[in-house]
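What follows is a set of notes on a single structure, which appears directly below.
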Protein chains: 2
Amino acid sequence: MRSLHDILIGPPLPTQRLGEERLSSFKALAALSPDALASIAYANQEIFLGLVVAGAAGLAYSWPIALAIAGLLAVVALSYTQVIHAYPGGGGSYTVARENLGTNAGLVAAAGLSLSYVLNVAVSMTAGVAAAASAFPVLWPYRVVLALALLAAITLANLRGLRESGGLMAGPVYLFIGTYLVMIGVGLARALAEGPATFAEAVPPPAEALTTFIVLRTFAAGCTALTGIESISNGVPIFRSPETRHASQTMAAMAALMAVLFLGTVGLTQRLGVVAGPEETILSALARRVVGEGAPYLAVQGVTLLVLVVAANTSFVGFPRVASVVARDGFLPRQLTLLGERLVFTNGILLLSGLAGVLIVAFGGDTHLLIPLFAVGAFLAFTLSQAGMVIHWVREKGQGWLAKSLANGLGMLATGVALVIIGVSRLLDGAWIVVLLIPLLVVFFRQVHRHYDAIRAQLSLRHGLPPTLKPLHRPRIVLPISGMHRGVVEALRYALSISDKVTAVYIELEPGQAERVRREWDEWGFDQDVELVVVPSPYRRIVGPFLEFLDAHDQAHNDGQLATVLLPEFVPARWWHSLLHNQTAWLIKLALLYRRRRFGRTRAIIDVPLYLRR
Amino acid sequence: MRSLHDILIGPPLPTQRLGEERLSSFKALAALSPDALASIAYANQEIFLGLVVAGAAGLAYSWPIALAIAGLLAVVALSYTQVIHAYPGGGGSYTVARENLGTNAGLVAAAGLSLSYVLNVAVSMTAGVAAAASAFPVLWPYRVVLALALLAAITLANLRGLRESGGLMAGPVYLFIGTYLVMIGVGLARALAEGPATFAEAVPPPAEALTTFIVLRTFAAGCTALTGIESISNGVPIFRSPETRHASQTMAAMAALMAVLFLGTVGLTQRLGVVAGPEETILSALARRVVGEGAPYLAVQGVTLLVLVVAANTSFVGFPRVASVVARDGFLPRQLTLLGERLVFTNGILLLSGLAGVLIVAFGGDTHLLIPLFAVGAFLAFTLSQAGMVIHWVREKGQGWLAKSLANGLGMLATGVALVIIGVSRLLDGAWIVVLLIPLLVVFFRQVHRHYDAIRAQLSLRHGLPPTLKPLHRPRIVLPISGMHRGVVEALRYALSISDKVTAVYIELEPGQAERVRREWDEWGFDQDVELVVVPSPYRRIVGPFLEFLDAHDQAHNDGQLATVLLPEFVPARWWHSLLHNQTAWLIKLALLYRRRRFGRTRAIIDVPLYLRR
C-alpha cells in the first residue's frame with residue numbers, strides 16, 4: 001500500500017519544508033493563470049452561440065461585445081492589483097469582503113468564489129474534451145468518461161504537491177500562449193491580404209430577431225472570459241519573495257495576454273467571417289480557416305485541450321487555499337485546514353475533485369449547459385471584493401486613498417452591472433441554481449460555526465467547576481456473549497483484571513439454546529468468578545433486549561455510574577471475512593453511542609479483540 | 001423510526017408463531033406457482049421472436065415446439081412429484097443433489113437454482129412492464145424505473161411476512177388464470193368459426209433461412225416456460241399438514257394449468273395467424289385479435305402485468321429458503337439463516353432484491369436480453385436433482401424403486417438434453433455469463449465453508465489447553481489526547497478507576513503546540529497522577545507516530561501484555577456533526593484492529609464517550 005501511494009503521490013514532506021515550496025513568477029503565471037487564459041475557449045464559443053441565433057446581423061455584434069468585455073477586464077485587473085498590495089497575505093475576495101463589509105458579505109463572497117472554482121474545473125474539463133472532439137468526432141460519445149479521466153489525472157498531479165504541479169503546468173501554458181500568438185499573427189496577415197469578409201454566405205438564416213436581450217445575454221455569457229482573474233491575488237503567498245511585486249507584475253502580464261488572445265481571436269473570427277457547424281467549436285473553425293486542415297490545425301486543438309486541462313489546475317491551487325482560510329475561521333469543517341503529507345490541502349483537493357465530478361456527470365459533460373451557472377458566483381465575489389476595497393481605502397486614508405478608492409469603486413460598479421446583467425439574463429438557463437445555492441451555503445457556513453462554538457463551550461475546562469482527576473468507582477462490567485469460545489475467555493480474563501464486578505449476558509434467540517451454554521459455563525468452572533445471566537428474546541432481537549438488561553442492571557446497582565460494556569470481538573484474517581459474521585458487537589456499539597444519549601452520563605465501551613490467524 | 005418501520009413491515013412476531021405461518025393449498029398455489037404460470041408471457045414471446053426471423057415457414061414450427069415443451073413439462077412435473085414424496089422437508093434440488101451425488105453436485109445445483117431465482121425476478125419485472133407498455137406505449141422509456149418500483153413493492157410485501165404475501169398474491173393469480181381461460185375459450189370458438197388462417201399476409205419477409213439451429217434455439221428459449229416448476233417441491237414445509245399430500249395435489253394442478261395456458265395461447269396464435277409488431281408482445285397481439293381493442297383487452301394486459309409481478313414472488317419465497325438451507329450447511333454467510341422480526345429470512349429477501357435490481361439496471365430492463373441467461377441455471381438444477389433422485393431410489397430399493405428410478409431417469413434425460421441444447425444454442429447470446437458464474441459461485445461457497453471451519457477450530461475451547469479465567473495483570477493504559485478539554489478529563493478519571501499505570505500521549509503536529517498543552521496540564525495538577533508524553537510528528541501524521549510510541553512503550557515495560565488504548569471520544573448531538581471532526585479516534589481503532597495483527601496478543605481498546613448536548 002505504502003509503496004503504491006509513494007509512486008502516485010510521492011514520499012511525505014516534513015513541515016519545515018513549507019517555506020521552500022514557493023514559485024517563481026514564470027512558474028506562478030503557469031500555475032495561476034491558465035483558468036483566466038483558457039477562458040477564451042468557452043467565452044468565444046458562448047459569444048458565437050449567443051449571436052448566431054440572430055444570423056449575420058447578430059454575429060456583427062461579436063466585436064463590440066468583445067471590446068466591452070476587454071474594457072471590463074482592464075478595470076478588474078487594475079482593481080485586483082490594488083488588492084495584491086493591500087492584502088499580501090492572500091485570501092482574496094473572502095478576506096477583503098469579510099474585513100471591510102462584515103462576516104456575512106465575506107461568506108457570500110466565499111460561497112460565490114467556491115462555486116466558481118468548482119464550475120471552472122467542470123467547464124475546463126468538458127471544454128477541453130470538446131476541443132479534442134472537434135478534431136476527432138469519434139470521441140464525442142465518450143465525453144463524460146474522458147472528462148472524468150482528465151479530472152482524475154489533474155487531481156493526482158495536485159495531490160503530489162504545489163511545486164511539481166506548477167512545473168507540470170508551465171509547458172502547456174507557454175505552448176498555448178505561443179501557438180495562439182502565432183495563429184493570431186498568421187490570421188492577421190491573411191485578413192489584411194484578403195480584405196474584410198462578410199458572414200452572409202455561410203451563416204444559417206436567423207432563427208430569432210436581434211434584440212437587446214440577445215446582445216445582453218451574449219455579453220453575460222462572454223463575461224466567463226474573466227473568470228479566474230482573481231487567482232493571483234488569492235495566491236500571493238505562493239510567490240517567491242518579494243511576493244507583492246512578483247504578484248502584481250504577473251497580474252499585469254496575465255491581463256495583457258488575456259486581452260490579446262481574446263480580442264485577437266474574436267476579431268479574426270469576425271473579420272474572416274468564420275462560422276462553426278453544430279459539432280465543432282468556433283475556435284476550431286477559426287483555426288481550420290487560418291492554418292488549414294493539417295498538422296498546424298491539430299497542434300492548435302492539442303494545445304487548447306492541454307491548456308483547458310491545466311486551467312482546472314487554477315482551481316486546484318485556489319479552492320483548497322480559500323477553503324482552508326474559511327475553515328480556519330470556523331465556517332467549514334476543520335479537516336480542510338490540514339496540510340497533507342505533501343504539504344498540500346489534501347482534503348480540499350479531494351472535495352473540489354468530487355464536486356466537479358458530480359457536475360460533469362449531472363450535466364452530461366456539456367459545457368454549454370454549465371456556463372450559465374458559472375459567471376454568477378465569480379462576479380458576485382468580484383463585486384463584493386471591490387466594494388470591500390473601497391471601504392478599506394476610505395477607512396485607512398493612506399497616501400492617494402481617494403484615487404485608489406475611485407479605482408476600486410469603478411471596478412465595483414462595472415462588475416456589479418455585469419453581475420445584474422448575468423443574473424437576470426441567464427436566470428432561467430440555470431443561474432437560478434447558483435442564486436439558490438449561495439444563501440444555502442451561507443446558512444451552512446453559519447451552522448458549522450455555531451457547532452464549533454457550541455463544542456468549544458462544552459469542552460472548555462475554563463467554564464464551570466475546575467477539572468479534577470478524582471477517580472470514579474471501580475466500574476461494573478457487563479459482557480454480552482454469543483456462546484462459549486476463546487474470544488469470550490480472553491474477554492473475561494481482561495474484565496477480571498480491571499474489576500471484580502463482572503456479569504456475562506447471553507441473549508437467547510431460540511428457546512433451549514441457553515441451557516447448553518450454561519452447562520458448558522458451569523463445566524469449565526466459570527460460575528465461580530462470573531455470573532451468567534440469560535435473557536430470552538422471543539422476537540429474535542439482540543440489541544434491544546441487551547440494552548434493556550443494561551438499564552435494569554444500572555438501576556439495580558444505583559451507584560451513580562453506568563456499567564461498562566465489554567465486547568469480545570474477533571478480527572478475521574481477511575477483510576471480506578467480516579461479511580460472513582453478524583457484526584453484533586458493532587451494532588451494540590452504535591446503539592450505545594447514538595441511542596443511549598438521554599442518560600447524559602458516560603458509558604465506557606471496551607473492545608477485547610481476538611485476532612484470527614486464518 | 002420504529003413506527004414507520006411498523007407501518008411498512010408490521011410489528012414483530014414471536015418465534016412461537018412460526019408453526020402457525022402455514023398456507024392452505026389454495027393460497028400455496030398462489031404463492032408458489034405464479035413463476036411457472038407467468039412464464040407463458042415470456043416463453044410465448046421468445047418462441048415468436050425466435051421463429052419470425054425465418055418468416056411464415058419459421059412460425060409454422062410454433063405448435064410442434066410448444067408440444068415438445070409441454071411433453072417436457074409433463075416429465076418434469078412427474079419427477080418433482082416424486083421429489084415431494086421423497087423429501088418432505090423441502091430444500092429441493094440442492095438437498096437432493098447433495099445427499100445423493102455429493103457436496104459438489106449439491107453446490108452446483110444451488111448455484112444454478114440461485115441464479116435462476118434472481119433471473120426470474122428480473123425477467124418477471126421487465127416482462128410485466130413490457131405487457132403494460134404494449135397497452136400504453138408512453139410508458140416505454142420508463143421501463144427501468146417502473147421495473148425497479150415494482151421490485152420495491154414486492155420486496156416490501158415479502159418483508160411483511162409469508163402469510164400476508166400469500167394472501168396478497170391469491171387475487172392476481174386466480175384473476176390471471178380465469179381471464180386467460182376465458183380468452184382461450186373465446187379464441188377457440190372464434191378459430192372454429194373462422195377456420196384456419198395463414199400467416200402469409202402479415203408476416204414480415206424471412207430475414208434468414210429456416211435451419212435446425214433456429215428451431216433448436218427457439219426450443220431452448222421456449223424452455224423458459226418451465227422455470228419455477230420446482231418451487232412447490234422446495235416449499236413443502238410451508239403447506240398445511242399433511243404437507244406431502246397437499247403439495248403433490250398442488251403440483252398436479254399447477255402442471256395442468258401451465259399446459260392448458262401454454263398450449264392454448266401458442267395454438268391460438270398459430271391457428272389465428274397472429275403476428276406482433278416491434279413494440280408489442282405476441283400475447284398482447286393475440287389478445288387484441290381475440291377480444292378486440294376495448295376494456296377486455298386492457299383487462300388481459302392488466303392481469304398479465306399483475307401475474308408477472310407476483311411471479312417474482314415465487315423467488316422471494318424460494319430463494320431465501322434455499323439460501324438459508326445452504327447457509328445452515330456453512331456454504332453461505334450465517335446472516336442468511338436468521339429469521340427476521342416477521343419470521344421471514346429478511347437478509348435473503350434483501351439480497352435477492354438487490355441482485356435482481358442490479359440485473360434490471362445492467363440489462364436496461366430488456367426481457368429479451370435477460371432470457372438467454374435464464375434457462376441454463378434452472379435446467380442445470382433440474383438435471384442434477386433428477387440424477388440425484390435416480391441414485392436415491394436405487395440406494396433405497398423401496399417399493400416400486402425400479403419404476404420410480406426409471407421415471408426420474410427419464411426426467412434427467414429430458415432435462416439434460418434440453419440443458420445441452422440451451423447451453424450450446426444460447427452460449428454466445430449471454431448464457432456464457434451463467435456458465436462462468438456457476439463455477440465461481442461454487443468456489444465462493446467452498447471458501448465460505450473453509451472460513452467457518454477455520455473459525456470454529458480457532459475459537460473452540462475443546463482444543464489445546466483447557467480454558468481458565470486466571471486474570472491478567474492490571475493493564476497499562478495509554479491515552480492519546482488532542483488537547484486539554486472535558487472529554488480528556490472524563491477519560492483520565494475512568495482510566496484511573498481501573499489502573500494506576502496511565503500515560504497520556506500528545507502528538508505534536510506543529511512545532512510549539514505541545515508547550516501550551518503541557519503548561520495547562522501542569523497548571524491543573526494532572527502531572528501528579530498521570531505522565532504526559534509529547535511525540536513530535538514532523539510529517540503531520542497522527543496514527544503512525546502514536547502506534548510507534550505504543551510499540552516502544554510495550555517493549556520498555558515487557559510485562560507480557562500489550563498496553564490498553566483508551567480513546568476519549570465525543571459524540572456530537574447530531575449525526576452530521578461527525579463530518580466536522582477529524583475522526584482520529586476511529587482511525588486509531590481501525591489501525592489497531594487491522595494493522596497491528598503481527599503481535600498476536602490482545603490489545604484492548606476502551607472508548608470513553610462524552611455526549612454533547614448541542
Side-chain angles (χ1 to χ4, degrees), chain A residues 12 14-16 333-335 339 341 448 451 454-455 458-461 467 469-475 484-487 489-490 492-494 496-499 510-511 524 526 529-530 538-541 570-571 577 579-582 593 597 600 602 604-614, chain B residues 12 14-16 333-335 339 341 448 451 454-455 458-461 466-467 469-475 484-487 489-490 492-494 496-499 510 524 526 529 538-541 570-571 577 579-582 593 597 600 602-614:
Chain A
T15 311
Q16 70 208 38
R334 286 284 154 73
Q335 291 94 313
L339 273 178
E341 293 181 356
V448 168
H451 170 68
I455 295 276
Q458 291 175 81
L459 290 183
S460 170
L461 297 177
L469 293 191
K470 188 167 76 71
L472 306 160
H473 304 300
R474 182 61 52 96
M484 291 295 291
H485 57 72
R486 295 226 166 259
V489 174
E490 283 308 299
L492 285 169
R493 290 182 67 196
Y494 187 86
L496 290 171
S497 79
I498 59 171
S499 175
E510 283 178 38
W524 292 116
F526 291 179
D529 300 301
V530 179
Y539 296 104
R540 300 165 306 287
R541 288 172 176 161
F570 52 99
V571 181
H577 289 167
L579 301 177
L580 305 178
H581 302 285
N582 282 330
L593 284 180
R597 304 283 305 289
T602 298
I605 305 168
I606 305 182
D607 274 311
V608 178
L610 179 74
Y611 295 100
L612 299 179
R613 282 181 309 281
R614 59 199 166 92
Chain B
T15 311
Q16 70 207 40
R334 284 285 153 74
Q335 291 96 312
L339 272 178
E341 294 182 353
V448 169
H451 170 68
I455 295 277
Q458 290 175 82
L459 290 182
S460 170
L461 297 178
L469 293 191
K470 189 166 76 71
L472 306 162
H473 303 300
R474 183 61 53 95
M484 290 296 289
H485 57 70
R486 294 224 168 260
V489 173
E490 285 307 300
L492 285 169
R493 290 182 68 197
Y494 187 87
L496 290 171
S497 78
I498 59 172
S499 175
E510 283 179 36
W524 293 116
F526 292 180
D529 301 300
Y539 294 105
R540 299 166 308 287
R541 288 173 177 162
F570 51 99
V571 181
H577 289 166
L579 301 177
L580 304 178
H581 302 284
N582 282 330
L593 284 180
R597 304 283 303 289
T602 298
R603 158 134 35 233
I605 304 169
I606 305 183
D607 274 312
V608 179
L610 179 74
Y611 295 100
L612 299 179
R613 282 180 310 282
R614 60 198 167 93

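Basis for what follows: all heavy atoms, side chains included, without hydrogens, waters or symmetry-related copies. Below, chain A is the first sequence line, B the second, and so on; all start at residue 1.
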> So which of P333(B), G487(B), A604(B), S499(B) has the biggest tally of heavy-atom pairs under 4.5 Å with chain A?
Replying inline: A604(B)
>> If we ignore hydrogens and angles and just use 3.5 Å, is the side chain of R474(A) paired with the main-chain N or O of I498(B) as donor and acceptor?
In response: no
> Top residue by heavy-atom pair count (under 4.5 Å) with chain A, among V489(B), V608(B), L461(B), D607(B)?
Replying inline: L461(B)
> With side chains defined as the heavy atoms from C-beta onward, is the minimum distance between L610(B) and L459(A) less than 4.5 Å?
Replying inline: yes
>> Counting heavy-atom pairs under 4.5 Å with chain A, which one of R334(B), E490(B), K470(B) comes out on top?
In response: K470(B)
> Roughly how far, to the nearest 0.5 Å, is the CZ atom of R603(B) from the OH atom of Y611(A)?
Replying inline: 7.5 Å
> Can you tell which of L496(A), L469(A), D529(A) has the highest number of heavy-atom pairs within less than 4.5 Å of chain B?
Replying inline: L469(A)
> Heavy-atom distance under 4.5 Å to chain A: side chain of S460(B), backbone, both or neither?
Replying inline: backbone
>> Under a 4.5 Å cutoff for heavy-atom pairs, which residue among I455(A), L492(A), V530(A) has the most contacts with chain B?
In response: I455(A)
